[in-house]
Amino acid sequence: MTDTDETTDAEPASQPQSRTRPSTESESERQASTAASDTDDFTVTPYAVSGEVDYDKLVERFGADPLTDEQIARFPDHPLLRRQTFYAGRDVDESLEAADAGDPHAVVTGRGPSGPMHLGHVLPLYLARRFQQATGATVYVPLSDDEKFLAKDQSFESIGEHTRDNLRDILAIGFDPDRTRIVIDTADADVVYPIATRLAKHLTPATVEAVYGTQDTVGLQFYPAVQATHLLLPQLVDGRQPTLVPIAVDQDPHVRVCRDVAARDALPVEKPGALLGRFLPSLEGPGKMSSSGDAPSISLTDDADTVAETVRNHAYTGGRSSLEAHREHGGDPSVDVPFQYLRFFFEADDDRLEEIAADYRAGDLLSGELKEIAIERITDFLADHQERRNALGELGDELEAYRLTEEERRRALESAGVPRIP
């Protein structure tokens, strides 16, 4: 499963005509058609995010459902949900009902290892850990190293180095190894590839092109079948159960394609649900999204001095042009990036967050002072994360408890109807 921030400049393609196209459009093709014909000034696809995103319009465009207050109240309490950073979804009630009843349910959210992990990459992962702690959910974390090799101008050696580095950050999050499986596409190809091949039979070139646009290689054309494998793997291992996929909204096409495949094939699975989130703003400010480009960002391995320098010198603020104007008119927290970082994740106390916003609007809190609050919160978070990361032993030893067992591999292939040949 690709992570939230890995984007390129690819544009969505218009819907092609093909003799292999089924007579009835799939859900994902219909929604891709809507996106392609839309005249909005923003683009959101798994490979391109540009412009100032209208999140309400995206819900309508993608055919998802806004989360209700009742649904948010039923989820484990977390700032990412309470403040509606994760704001829409698909079939979330099934997961909520399973969690309430103590029935089996799974969460899948992953990482595309093409570089170091930044703050925006880990928000869905920390949310998944919260679900696991509160409801006992099984969590699957796929790493799409093969897709990054195909999509990025990097060698397999470079992707491998990023994969190993990213794995240490994922392990540092603190998942329960008894309820967590980390799947690496190339390392677990004995399971991933046969199942993806089974699912690929139900994906036409027309569907892939309608949803993702024209791909540069046949590898990327095949990759949606691998993504579908990621999302269905918990059920293939442990049987039918609700599966929730917390991701940034640009990754929703992967879920839609998987839901189409799950509906078409006679596998013992239910359609996965989705929990769709907003993008963590880039430090550059409004209209910019955190991405894998050259914009300044905060890495999970940055020390306190680096965090302070990055925020002080690069974070866009909502303050006025002069001290006098700020004291008189106040600042705008809605566009202030340090405040938005606090709102997304780094200030857990709602009352304290509102106090900060009120003081900023009144001009009693200066932009520099707000930056220092954000620096302190982010530094505290990273210190805890890095302490767990630094305590890890050899990667192979640490990872072993999170790998699919031989029995789990056998069950997955058997459930998918793939014969295991000695």
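Scope of the values below: all heavy atoms of this structure, side chains included, with no hydrogens, waters or symmetry mates.
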Set out, in order, the CA-CA distance, both residues' side-chain angles and the distance that settles salt bridge (charged side-chain N to carboxylate O under 4.0 Å, His left out) for R327 and D364, then state yes or no. CA-CA 6 Å; R327 290 295 191 196; D364 297 331; 5.2 Å; no
For residues F381 and F345, establish whether the separation of their ring centroids is below 6.0 Å. yes
For the residue pair Y140 and V245, establish whether any side-chain heavy-atom pair is separated by less than 4.5 Å. no
Charged tip of R83 within 45° of F344 ring normal and under 6.0 Å: no
Give a yes or no on whether the ring-centroid distance for Y223 and Y212 is below 6.0 angstrom. no
Should the pair D384-R388 be classified as a salt bridge under the 4.0 Å nitrogen-to-oxygen rule? no
Considering only NZ, NE, NH1 and NH2 on the basic side and carboxylate oxygens on the acidic side, decide whether R312 and E372 come within less than 4.0 Å. yes
Between R259 and D91, does a salt bridge (charged side-chain N to carboxylate O under 4.0 Å, His left out) hold up when you go through it step by step? CA-CA 11 Å; R259 287 167 62 85; D91 292 348; 2.9 Å; yes
Count the heavy atoms belonging to other residues, nucleotides or ligands that lie under 6.0 Å from CG of D100, then report whether that count exceeds 12. yes
Quick test of your reading of the model: are R409 and D188 salt-bridged, counting only N-O distances below 4.0 Å? yes
Please examine the side chains of L382 and L119, heavy atoms only from C-beta on, and report whether any two atoms are closer than 4.5 Å. yes
Take L232 and L199, measure what side-chain contact (heavy atoms from CB on, under 4.5 Å) needs, and give me the verdict at the end. CA-CA 10 Å; L232 297 179; L199 299 179; 4.1 Å; yes
I'd like to know whether OH of Y126 has more than 12 heavy-atom contacts from other residues, nucleotides or ligands below 6.0 angstrom. yes
Modelled atom types, side-chain donor and acceptor of H105 and T135, under 3.5 Å: yes
Residues P104 and A98: closest non-hydrogen pair is O-CB, 4.0 Å
pair T109-L244: side-chain heavy atoms closer than 4.5 Å: no
Go through the steps to decide whether R361 and E354 satisfy the test salt bridge (charged side-chain N to carboxylate O under 4.0 Å, His left out), and finish with yes or no. CA-CA 10 Å; R361 292 189 194 99; E354 182 51 41; 3.5 Å; yes
Can E400 and R403 be counted as an ion pair, charged N to O under 4.0 angstrom? no
Y193 versus V226: any side-chain heavy-atom pair under 4.5 Å? no
Test of understanding: with side chain to side chain donor-acceptor pair (under 3.5 Å), list the residues that count as partners of Q241, not counting sequence neighbours. none
Taking R129 first and then D176, would you say they form a salt bridge - that is, a charged N and a carboxylate O separated by under 4.0 Å? no
Looking at side-chain heavy atoms only, is the closest gap between L81 and L127 below 4.5 Å? yes
Check the side chains of E309 and N313 for a donor-acceptor pair under 3.5 angstrom, ignoring hydrogens and angles. yes
Run the side-chain contact (heavy atoms from CB on, under 4.5 Å) check on H230 and D185 step by step: do they pass? CA-CA 9 Å; H230 293 163; D185 284 350; 2.7 Å; yes
Mind running salt bridge (charged side-chain N to carboxylate O under 4.0 Å, His left out) on R111 and D169 for me, showing each step along the way? CA-CA 11 Å; R111 167 69 183 141; D169 281 313; over 6 Å; no
Does the plane of the ring in Y87 sit parallel, tilted or perpendicular to the ring in Y55? Use 30° and 60° as the thresholds. perpendicular
Not counting sequence neighbours, list each pair that qualifies as a ring-ring contact (aromatic ring centres under 6.0 Å, His included) and has a residue in residues 160-189. none
As an exercise, state the distance from CG of L370 to OG1 of T317, rounded to the nearest 0.5 Å. 8.5 Å
Is there a side-chain contact between V139 and R179, using heavy atoms and a 4.5 Å cut-off? no
Working note: M117 + L125, criterion side-chain contact (heavy atoms from CB on, under 4.5 Å); need CA distance, chi angles, decisive distance, verdict. CA-CA 12 Å; M117 290 185 71; L125 290 162; 3.8 Å; yes
For a ring-ring contact (aromatic ring centres under 6.0 Å, His included) check, start with the C-alpha distance between F131 and F75, then their side-chain angles and the critical distance, and finish with the verdict. CA-CA 8 Å; F131 289 165; F75 276 111; 5.6 Å; yes
With heavy-atom distances below 4.5 Å as the criterion, would you say the side chains of R377 and L342 are in contact? yes
Taking only residues two or more places apart in sequence or in another chain, which ones pass side chain to side chain donor-acceptor pair (under 3.5 Å) with D77? R82
Derivation and outcome, side-chain contact (heavy atoms from CB on, under 4.5 Å), residues T186 and F156: CA-CA 10 Å; T186 55; F156 246 137; 4.2 Å; yes
So, T301 versus Q386: side-chain donor-acceptor pair below 3.5 Å or not? no
Do Q227 and V261 come close enough that some side-chain heavy atom pair is under 4.5 Å? no
Please check if atom CG in D69 has more than 12 non-hydrogen atoms from other residues, nucleotides or ligands closer than 6.0 Å. no
Shortest non-hydrogen contact from E270 toward A262: O-CB, 4.4 Å
Which heavy atom of Y341 sits nearest to which heavy atom of S282, and what is that distance? OH-C, 4.5 Å
